[in-house]
Q: 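Here it is: the structure, laid out below.
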Amino acid sequence: MDPLYKPQGVEQRWQQTWEEEGLYGADPDAPGEPFVVMHPPPNISGSLTIGHCLQLSLEDVLVRYQRMRGRNTLFQPGYDHAGISTWASIGRTLAQEGKSQRDLGRDGFDAYVQEWLERYGGKIMSQFRLLGASLDYRRTRFTMDEGYYRAVMRWFVHLYERGFIYRANRIVNWCPHDKTALSDLEVEHEDEDDTLSYVRYPLADGSGHVTIATVRPATILADVAVAVHPEDERYRDVVGTEVVVPFVERLVPVIADKRVEQEFGTGALKITPGHDPTDFEIGRDHGLEELTVIGPDGLMNDAAGELAGLTQEEAGRRVIDWAAERGQLEKRENYRHAVGHCERCHTRIEPLVVPQWWLAMEELAAPAIAAVKEERVRFTPERFARVYLDWMENVRDWCISRQIWWGHRIPVWYCPDGHVTVVDTEPESCAECGSTELRQEEDVLDTWFSSALYPFATLGWPDETPELERWYPGSLVATAREIIFLWIARMIFSGLELIGEDPYVDVLIHSTLLNSEGKRMSRTLGTGIDPEDVLEPYGADATRYGLLKVTSSQDPRFSFGTIEEGRKLANKLWNASRLLLMTGAVEPEALPSSVEERWILARIDATRAELEADLAAFDFAHGVERLYHLTFDDFCDWYLESIKPRLEEEDVRATAFAALERLLKLLHPVMPHVTEEIWTNLPSRETRLIVAPWPESQTWEGELAAIESAQTAARIYRRSGVRTKLEGDSARIFEAVVRPTEDGQGDLEAERARVQKEIDRAERMLANEKFVANAAPEAVDAEREKLAQYLAERDALG
RNA sequence: GGGCGGUUAGCUCAGCUGGGAGAGCAACGGCUUUACACGCCGUAGGUCGCAGGUUCGAGCCCUGCACCGCCCACCA
């Protein structure tokens, strides 16, 4: 046995063994209360980041812990087809060859994407394995595999038949680069410097003008009205009259609407329902025409007349020039404001009126709101329930159609007469007229429309499977903050609508790792950390420990420091086992013949209870810290050191092995590999540690106090340098653990002074009438206990 | 614009309902002790972001400010 523990090789060997022996396998027929964790399926288009490792680590700790406790565990792996993300990635690859997705044709694209998946798809699962994640890999699902596809079709038809899905010509977020609609959540707002132009719209009767402020002068061509606030005194006389739109010189009405902000600009707003969301709503309410001058490519379209084909910037300049020449440009000023961009390609979003498929949200949201309000679904940390509710209570209809070729194609067929057939498998003929000339809807569904089904589609729904029966609802989903609306909210309402039950009990919102500069990690910016740069040198156990250690804060900075701590812990355990094995293996048996043995068993048991509480509260950081101190301070520095003089005795080693076994069990969920490796070296092991039973409670309370007072005394004498004045067990422990100075005649004065200072402080507190009167009784009692303890120390010092 | 989290030792972070400022790493000193020098024992290091307030007592509660990070957002 090498004195230096080397995870390389050991870890992969165990990962293979566990998987080959079926120990990761989930079985719906197995006994035990289910514990089901659906690992959020990563995008097929990427590889893992260190942030994914953090998420996977905390899920796996819980799964391994519950597996040892006898729960029927399912840890479900899978991939997400990630519609637009994958579409955009492939687009970037093709662009290098001067091609685009649409050049391939729909069938050609399908072939290309299959090849692409085979090339990149395997990477993620191998990274899961490298971290030691005990997922049931045999059950790996893909959000576009055959069964899942069926589930999505069924879901669409269900919602359509219930009247929740409708097709409408409304304003949407349009990405001119990807040429598809996006949902509100796929739009990122970024501040941009712009110019606010003040343009005069002459009154039709020539008696003056109304000045509006705009950042998009090109859209003036599509203006159909000017609006002011109904209570705005400045414009009271012009409401109901007409103004002349510059450049196109069209007469449009001046209307009043309370959505206009009086304070902004001049208080007058040009209304362009075809190219602005607010204007669109105002336009619909006032029955205004929706003119369009910008096309799906973001350029001016034919309706723009002489400006057709120009960019909006150029067209805007022409309009501004036109106004300036006629004295209708009042002023221009710099203006910084948030502008929507496509989250995938960062192109500026173009609001356009185009027909899309929508999901009506209000009725679906209601039970999903109740689920969280009634705490059937619990968020950790709790504050995220508020975030979820705020969004859900104000949710708007969801645009679910996308004009790309990667995703679940919408199960709607049109016949030449325009009849619509909506069924979950391809129909022979039109449901209304029987025509066999059917054309399927070109659009595909938003990725998240299908992800929403993950907790039950992975279990076989819509079929009635044993898995679905046994493992739905699940137990827990762990995810990052930004996924709350995209995925969590949608899983909850989908599960309630289709199955009638919440998809899980706990939603764990975990930390987001920042890089060492405190910046968000991003692959595209190159600010991320490759998991393999950590896993390769440090090993999975150390990485898991290090990542969990830092989960107490919301946005921790990644640091190798905590990973290093994990590596030391693994090495320490390894060497502790070496000490016992090299002295001689014996059958483990708790034979607590002396105070040290009873103490360490009690310490381990106390930590077990504390660790269970930590895990129940998802407090991984404190849990692993506890294990570190149990191992280093209690097990190695005190216990093993104190029994060294008696290590030749078989009874002593039998207890030591028994204590080590318990320690390994507590550590296994966090550091599975090193603990399993040590476990196999221990005498007469019949089962793998991964499926060994979690330790039962054992109480030795009195013993904790006994050795802790010995420790306290030992620390005092150790600090003073004076040879022990202790007797009995304490003296033995002291002699074994502490090596006093040669002469044993250190100076006690400093120690006496320190203790006296504490006594003075405690006495002062207790003499404070207001403290005794106002403080909590426990606080006063605690103070009295401290005083008694220090008085005892003073006595011990002589 | 609205909201959330953070600011504690050189670094990464704990600090539970207000009652003696902590850990790990780094630094410094000492240890060839029957495992581990990736070890052991010890030392030093902090006006707890700033300014007020409440309280017998504030890192913790309240108000304001500054800075960092994040989420949401149709004021053109």
Side-chain angles (χ1 to χ4, degrees), chain A residues 1 3-5 171 173 184-185 187 189 194 196 212-216 219 227 259-266 268-272 276-282 335 337-338 340 351 381 383-384 386-387 390-391 394 396 480-482 484-485 512 514 516 518-520 546 549-550 552-562 564-565 567-583 619 621-622 625 628-629 632 636-637 640-641 644-645 647-648 718-719 721 736-739 757-758 761-762 765 768-776 778-780 782-783 786 790:
Chain A
M1 287 174 85
L4 178 59
Y5 173 68
I171 198 150
N173 305 299
D184 295 335
L185 290 174
V187 176
H189 293 82
D194 233 322
L196 192 57
I212 59 87
T214 181
V215 291
R216 301 180 66 198
T219 64
R259 279 164 286 199
V260 179
E261 295 288 334
Q262 297 187 54
E263 293 73 28
F264 188 88
T266 61
L269 171 65
K270 72 187 206 57
I271 300 297
T272 320
D276 182 274
T278 307
D279 296 6
F280 177 82
E281 282 178 18
I282 293 176
Y335 180 57
H337 66 144
R383 62 177 177 273
F384 291 111
R386 192 70 256 156
V387 175
D390 284 346
W391 187 78
N394 297 294
R396 291 187 291 165
R481 291 194 290 287
E482 66 263 27
I484 293 174
F485 313 134
T512 304
L514 306 177
S516 54
K519 299 286 184 225
R520 193 184 175 78
K549 180 71 191 291
V550 94
S552 48
S553 27
Q554 180 167 297
D555 301 297
R557 296 184 179 199
F558 177 81
S559 143
F560 281 102
T562 55
E564 180 67 31
E565 204 174 310
R567 189 170 70 164
K568 285 183 169 187
L569 178 54
N571 192 57
K572 191 71 173 175
L573 276 173
W574 178 249
N575 279 289
S577 74
R578 280 181 71 229
L579 171 65
L580 298 179
L581 289 168
M582 289 190 314
T583 314
D619 185 352
H622 287 102
E625 186 175 21
Y628 183 93
H629 286 114
F632 270 81
C636 293
D637 297 346
L640 287 184
E641 290 302 328
K644 269 183 184 172
L647 214 47
E648 296 300 330
R718 183 192 274 166
R719 210 180 287 126
V737 177
V738 184
R739 275 150 252 286
K757 213 175 121 191
E758 299 291 355
R761 194 198 58 80
M765 287 285 288
N768 180 342
E769 288 171 22
K770 287 182 177 169
F771 166 64
V772 178
N774 300 334
E778 308 86 66
V780 180
E783 213 52 52
K786 283 180 205 163
Y790 289 123

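Proteins come first, then strands; the chains are lettered A, B, ... in the order of their sequence lines, and each starts at number 1.
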Q: What is the distance, rounded to the nearest whole Å, between atom CH2 of A:W574 and atom C1' of B:G39?
A: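 The distance from CH2 of A:W574 to C1' of B:G39 comes to 17 Å, rounded to the nearest Å.
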Q: Hey, which sits more toward the 5' end of RNA chain B by its nearest nucleotide, A:S559 or A:F632?
A: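 Nearest nucleotide further toward 5': that of A:S559.
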Q: For A:L640 and A:A576, which heavy atoms make the closest approach, and how far apart are they?
A: CD1-CB, 3.8 Å
Q: What's the CD-C1' distance between A:E648 and B:U34, to the nearest Å?
A: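 About 8 Å, once rounded to whole Å.
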Q: Pick the C1' atom in B:C50 and in B:U17, then give their distance to the nearest Å.
A: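 It comes out at 28 Å once rounded to the nearest Å.
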Q: Which residues satisfy the side chain to side chain donor-acceptor pair (under 3.5 Å) test with A:R567, sequence neighbours excluded?
A: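 Here the qualifying residues are A:E564.
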Q: How long is the line joining CD1 of A:I484 and C1' of B:C4, in whole Å?
A: 10 Å
Q: Holding to side chain to side chain contact (heavy atoms under 4.5 Å, CB included), I want the full list of residues that pass it with A:E783, two or more places apart in sequence or in another chain.
A: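 Only A:R761, A:A762, A:M765, A:L766, A:F771, A:K786 meet the side chain to side chain contact (heavy atoms under 4.5 Å, CB included) criterion with A:E783.
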Q: What dot-bracket string describes RNA chain B from 5' to 3', counting Watson-Crick and G-U wobble pairs whose defining distances are under 3.5 Å, with [ ] for crossing pairs and | for pairs to another strand?
A: (((((((..((((.....[..)))).(((((.......))))).....(((((..]....))))))))))))....
Q: Mind checking the CG-OH spacing from A:L569 to A:Y628? Nearest 0.5 Å is all I need.
A: 7.0 Å
Q: How many angstroms lie between CG in A:L581 and CG in A:N575, if you round to the nearest 0.5 Å?
A: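 Between atom CG of A:L581 and atom CG of A:N575 there are 11.0 Å.
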Q: My understanding is that only residues two or more places apart in sequence, or in another chain, count here; which of them pass side chain to side chain donor-acceptor pair (under 3.5 Å) with A:E565?
A: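 So A:E565 forms a side chain to side chain donor-acceptor pair (under 3.5 Å) with A:Y545, A:K549.
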Q: Using whole Å, report how far CG of A:N575 lies from C1' of B:U34.
A: 14 Å
Q: Roughly how far apart, to the nearest Å, are B:G5 and B:G49 at atom C1'?
A: 15 Å
Q: Provide, to the nearest angstrom, the distance between the CG atom belonging to A:D637 and the C1' atom belonging to B:U34.
A: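 So the two atoms are 16 Å apart, to the nearest Å.
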Q: What I'd like to find out is whether the side chain of A:T272 reaches to under 4.5 Å of the side chain of A:F280, using heavy atoms alone.
A: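 A:T272 vs A:F280: side chains apart.
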Q: Just by protein heavy atoms under 4.0 Å, how would nucleotides 67-76 of chain B read 5' to 3' in B, S and -?
A: --BSSSBBBB
Q: In whole angstrom, give me the gap between the P atoms of B:G15 and B:C74.
A: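 Here B:G15 and B:C74 have their P atoms 36 Å from each other.
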Q: Would you tabulate the nitrogen or oxygen pairs shorter than 3.5 Å linking the protein to nucleotides 55-58 of chain B?
A:
from  : atom 1 : to     : atom 2 : distance (Å)
B:C56 : O2     : A:N768 : ND2    : 3.2

Q: Nucleotide by nucleotide, 5' to 3', does protein get under 4.0 Å of the base (B), only the sugar-phosphate (S), or neither (-) in nucleotides 22-28 of chain B, counting heavy atoms?
A: -SSS---
Q: For A:R396, give me all partners under salt bridge (Lys or Arg N to Asp or Glu O under 4.0 Å), at least two apart in sequence or on another chain.
A: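 Partners of A:R396 under the salt bridge (Lys or Arg N to Asp or Glu O under 4.0 Å) test: A:D184.
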Q: Could you work out, with side chain to side chain donor-acceptor pair (under 3.5 Å) as the rule, every residue matching A:T562, not counting sequence neighbours?
A: none
Q: Rounded at 0.5 Å granularity, tell me how far CD in A:E648 sits from OG1 in A:T583.
A: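 Rounded to the nearest 0.5 Å, the CD-OG1 separation comes to 6.5 Å.
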Q: For a quick check of understanding: with a heavy-atom distance under 4.0 Å over all strands, which category does A:M582 fall into, base, sugar-phosphate or nothing?
A: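 It contacts sugar-phosphate atoms only.
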Q: Once rounded to the nearest 0.5 Å, what's the spacing between atom CG of A:L185 and atom CD1 of A:I484?
A: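 Going from CG on A:L185 over to CD1 on A:I484, the span is 11.5 Å.
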Q: Going by salt bridge (Lys or Arg N to Asp or Glu O under 4.0 Å), name the residues that satisfy it together with A:K644, two or more places apart in sequence or in a different chain.
A: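 For A:K644 the salt bridge (Lys or Arg N to Asp or Glu O under 4.0 Å) partners, ignoring immediate neighbours, are A:E641.
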Q: Between A:P645 and A:H622, which residue's closest nucleotide on RNA chain B lies nearer the 5′ terminus?
A: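 Result of the comparison: A:H622.
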Q: Side chain to side chain donor-acceptor pair (under 3.5 Å) with A:E261: which residues, sequence neighbours excluded?
A: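 Testing A:E261 for side chain to side chain donor-acceptor pair (under 3.5 Å), a comparison that skips the adjacent residues, returns none.
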Q: Can you tell me the distance, in whole Å, between the CG atom of A:N571 and the C1' atom of B:C36?
A: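 Roughly 6 Å, once rounded to whole Å.
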Q: Sort out for me which residue in A:T219, A:D276, A:D279 forms a side chain to side chain donor-acceptor pair (under 3.5 Å) with A:K270.
A: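 With A:K270 as partner, A:T219, A:D276, A:D279 yield a single side chain to side chain donor-acceptor pair (under 3.5 Å), made by A:T219.
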Q: Considering only the P atoms, how many Å lie between B:G22 and B:C67, rounded to the nearest integer?
A: 33 Å
Q: Describe the nucleic acid contact of A:S553 in one word from base, sugar-phosphate, nothing, applying a heavy-atom distance below 4.0 Å.
A: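 Contact class for A:S553: sugar-phosphate only.
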Q: Could you work out the separation of B:A9 and B:G46 based on their P atoms and round it to a whole Å?
A: 10 Å
Q: If I pick the C1' atom on B:A37 and the same atom on B:G29, what distance separates them, to the nearest angstrom?
A: 16 Å
Q: Taking the same atom, C1', in B:U12 and in B:G57, what whole-Å distance lies between them?
A: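 One C1' to the other, the span is 32 Å.
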Q: NA contact type, A:P556, heavy-atom cut-off 4.0 Å: base, sugar-phosphate, or nothing?
A: sugar-phosphate
Q: Sequence neighbours left out, what passes salt bridge (Lys or Arg N to Asp or Glu O under 4.0 Å) with A:E281? Give chain and number order.
A: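 A:E281 satisfies salt bridge (Lys or Arg N to Asp or Glu O under 4.0 Å) with A:R259 only.
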Q: For the C1' atoms, the ones on B:C65 and on B:G6, what distance do you get once it is rounded to whole angstrom?
A: 16 Å
Q: Roughly, in whole Å, what's the span from CG in A:L579 to C1' in B:U33?
A: 12 Å
Q: For A:E641 and B:C41, give me the distance from atom CD to atom P, rounded to whole Å.
A: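 Those two atoms, CD and P, are 8 Å apart.
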